[in-house]
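Here it is, the structure, as structure tokens.
Order of listing sets the numbers, starting from 1, for every ligand and every atom in it.
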Amino acid sequence: MSQAATPLNYIQVHQLDRVGVLQLHRPEALNALNPDLMKELVTSLERFDTDEQIGCMVLTGGETVFAAGADIKQMAGASAIEMMAANDLAVWDRIRLLKKPVIAAINGYALGGGCEVAMMCDLIIAGESARFGQPEINIGVIPGAGGTQRLTRVAGKAKAMELILTGRPFKAQEALDMGLINKIVPDSQTIAEAMALAKIIAEKPAMAVQLAKKAILKAFETPLEDGLDYERHLFYLLFASADQKEGMRAFQEKRAAVWKNA
Ligand code: DAK
């Protein structure tokens, strides 16, 4: 795989079976997300996304911290024009265009941009130590990478207003209660749990997985009528795949399907 040949300073990448694993690695700054880190992360995610050997990805910050936000020190002195010209969001935004599912495995802080990256992922497994939050208000700004939109869609207006206007961090249980995350596990199990989930998804027929993700994400962007129409077309499209034929044939022949991921 070409991934290994790429020099990476801020993330570590490896593959286990059909799962691509990416670990943020900037421990001295609690994995603060500077532009170089984000470029490495997004490029690596995209490499896995186009690698036929990969069916699902896991993104983690490791055992103790996910990410304490975008790099405050790096952006503190910038002017509005410099921020706009840098257009870093164009890099962050590529995460939502990934075709394959990404599971976030989160221990410790997932604040600001860290929480936003987590919300760009498709599923979230949290350790008991996980602390989510959008604390940007405390440093004189607002979320800049989707926090006001994604948190509001998940938690509703009242909760999003409270969390974003106060900047209050919240624990894994509160995140679970509002539907932001899938599961809470002991910290020592977070990555293993995410890997187990990723392995299950990675063994499903790839085209169906990718189109299911596409259809689910469409639910956040369209009125129901358009979303249903979109889903129907993707459903019909899967009848052009070898795996639809194999899956339905295997059911009738009472055997396990052998996927071609085509
Ligand atoms: N940026 C830079 N450095 C950070 C950092 C951050 N977000 N968070 C922590 N660090 C650094 C600390 O400065 C410290 O460095 P040294 O002093 O040792 O050199 C080191 O990491 C350890 O942190 P602490 O000493 O503070 O550790 P504590 O355990 O005492 O506190 C903490 C942990 C997470 C409560 C605290 O570090 C903290 O409050 N950090 C800031 C949290 C925060 O405000 N996050 C939101 C940042 S704003 C955008 C995309 C994204 C964003 C905006 C635009 N576009 C693409 C347009 C997102 C914005 C944000 O995320």
Side-chain angles (χ1 to χ4, degrees), residues 9-12 22-46 59-98 102 104-121 124 126-155 159-175 180-181 187 190:
N9 297 313
Y10 297 115
I11 67 167
Q12 295 174 343
L22 307 99
Q23 178 165 345
L24 306 175
H25 187 66
R26 199 187 168 205
E28 71 285 1
L30 304 183
N31 292 337
L33 306 166
N34 67 20
D36 288 341
L37 182 154
M38 287 306 295
K39 276 182 207 137
E40 288 185 6
L41 174 62
V42 171
T43 307
S44 301
L45 284 165
E46 286 173 341
L59 172 59
T60 184
E63 301 274 312
T64 55
V65 63
F66 184 68
D71 192 324
I72 300 171
K73 295 170 188 167
Q74 198 270 335
M75 65 182 153
S79 69
I81 300 296
E82 285 166 347
M83 288 298 283
M84 278 178 68
N87 195 22
D88 289 334
L89 193 61
V91 174
W92 293 58
D93 220 23
R94 277 154 53 194
I95 296 176
R96 74 180 171 86
L97 301 177
L98 297 168
V102 184
I106 297 182
N107 284 345
Y109 296 116
L111 300 176
C115 191
E116 290 172 307
V117 166
M119 289 192 288
M120 290 177 198
C121 296
I124 301 178
E128 286 161 348
S129 70
R131 293 289 178 279
F132 299 90
Q134 298 291 164
E136 290 89 342
I137 201 87
N138 297 324
I139 53 169
V141 289
I142 65 171
T148 61
Q149 303 304 299
R150 292 195 175 90
L151 188 61
T152 306
R153 278 169 165 76
V154 170
K159 195 81 175 170
M161 284 284 184
E162 179 202 330
L163 293 172
I164 292 171
L165 299 184
T166 66
R168 172 173 73 77
F170 54 98
K171 295 183 179 176
Q173 187 59 51
E174 193 171 348
L180 190 74
I181 66 172
D187 278 8
T190 313

Close N or O approach (A68, ligand 1; < 3.5 Å):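 Yes: some nitrogen or oxygen of A68 is under 3.5 Å from one in ligand 1.
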
Checklist entry - Looking at atom 1 (N) of ligand 1, is any protein heavy atom nearer than 4.0 Å to it? => result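 Yes; the ligand atom in question has protein heavy-atom contact below 4.0 Å.
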
request  = Please report the shortest heavy-atom distance between C115 and A110, naming the atom on each side.
outcome  =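 Reported closest heavy-atom pair: CB-O, 3.2 Å.
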
* Asked: Under 4.0 Å from atom 39 (O) of ligand 1, is there any protein heavy atom?
  ->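 Protein heavy atoms within 4.0 Å of atom 39 (O) of ligand 1 - there are none.
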
*Heavy-atom pair of closest approach, residues L22 and S44*: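 Taking L22 first and S44 second, the nearest heavy atoms are CD2-CB, 3.5 Å.
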
>> Just to be sure I read this right, does ligand 1 sit under 4.0 Å from the backbone of E28, its side chain, both, or neither, counting only heavy atoms?
In response: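 Backbone only; the side chain of E28 stays clear of ligand 1.
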
* To do: Report the part of N138 (side chain from C-beta onward, or backbone N, CA, C, O) that has a heavy atom under 4.0 Å from ligand 1; answer both or neither where that applies.
  =>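 None of N138 does.
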
Worksheet item: Between N107 and T190, is any side-chain donor less than 3.5 angstrom from a side-chain acceptor?
Response: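 Note: N107 and T190 side chains meet the donor-acceptor criterion.
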
### Task
Give the minimum heavy-atom separation between E128 and R131, together with the two atoms involved.
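Looking at all heavy atoms of both residues, the shortest contact is O-NH1, 3.6 Å.
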
Next on the checklist: I'd like to check whether A145 has a polar contact with ligand 1, where a contact means an N/O of the residue lying under 3.5 Å from an N/O of the ligand.
Outcome noted: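 The answer is no, given that A145 and ligand 1 share no N or O pair closer than 3.5 Å.
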
Requested in this report: State the atoms of ligand 1, each with its element, that fall below the 4.0 Å cut-off from a heavy-atom position in A32.
Outcome: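 Every atom of ligand 1 under 4.0 Å from some heavy atom of A32: 1 (N), 2 (C), 6 (C).
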
- request: Determine whether the side chain, the backbone, both or neither of A70 has a heavy atom under 4.0 Å from any heavy atom of ligand 1.
  value: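 Both the backbone and the side chain of A70 come within reach of ligand 1.
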
Determine whether any protein heavy atom is located less than 4.0 Å from atom 28 (P) of ligand 1.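 For atom 28 (P) of ligand 1 the answer is no, since every protein heavy atom stays at 4.0 Å or beyond.
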
Margin query: Can you report which non-hydrogen protein atom sits closest to atom 17 (O) of ligand 1, along with the distance?
Written below: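 Nearest protein contact, heavy atoms only, for atom 17 (O) of ligand 1 is K73 NZ, 4.0 Å.
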
Using heavy atoms and a 4.0 Å limit, tell me yes or no: is R131 in contact with ligand 1?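 For ligand 1, residue contact (heavy atoms, under 4.0 Å) with R131 is absent.
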
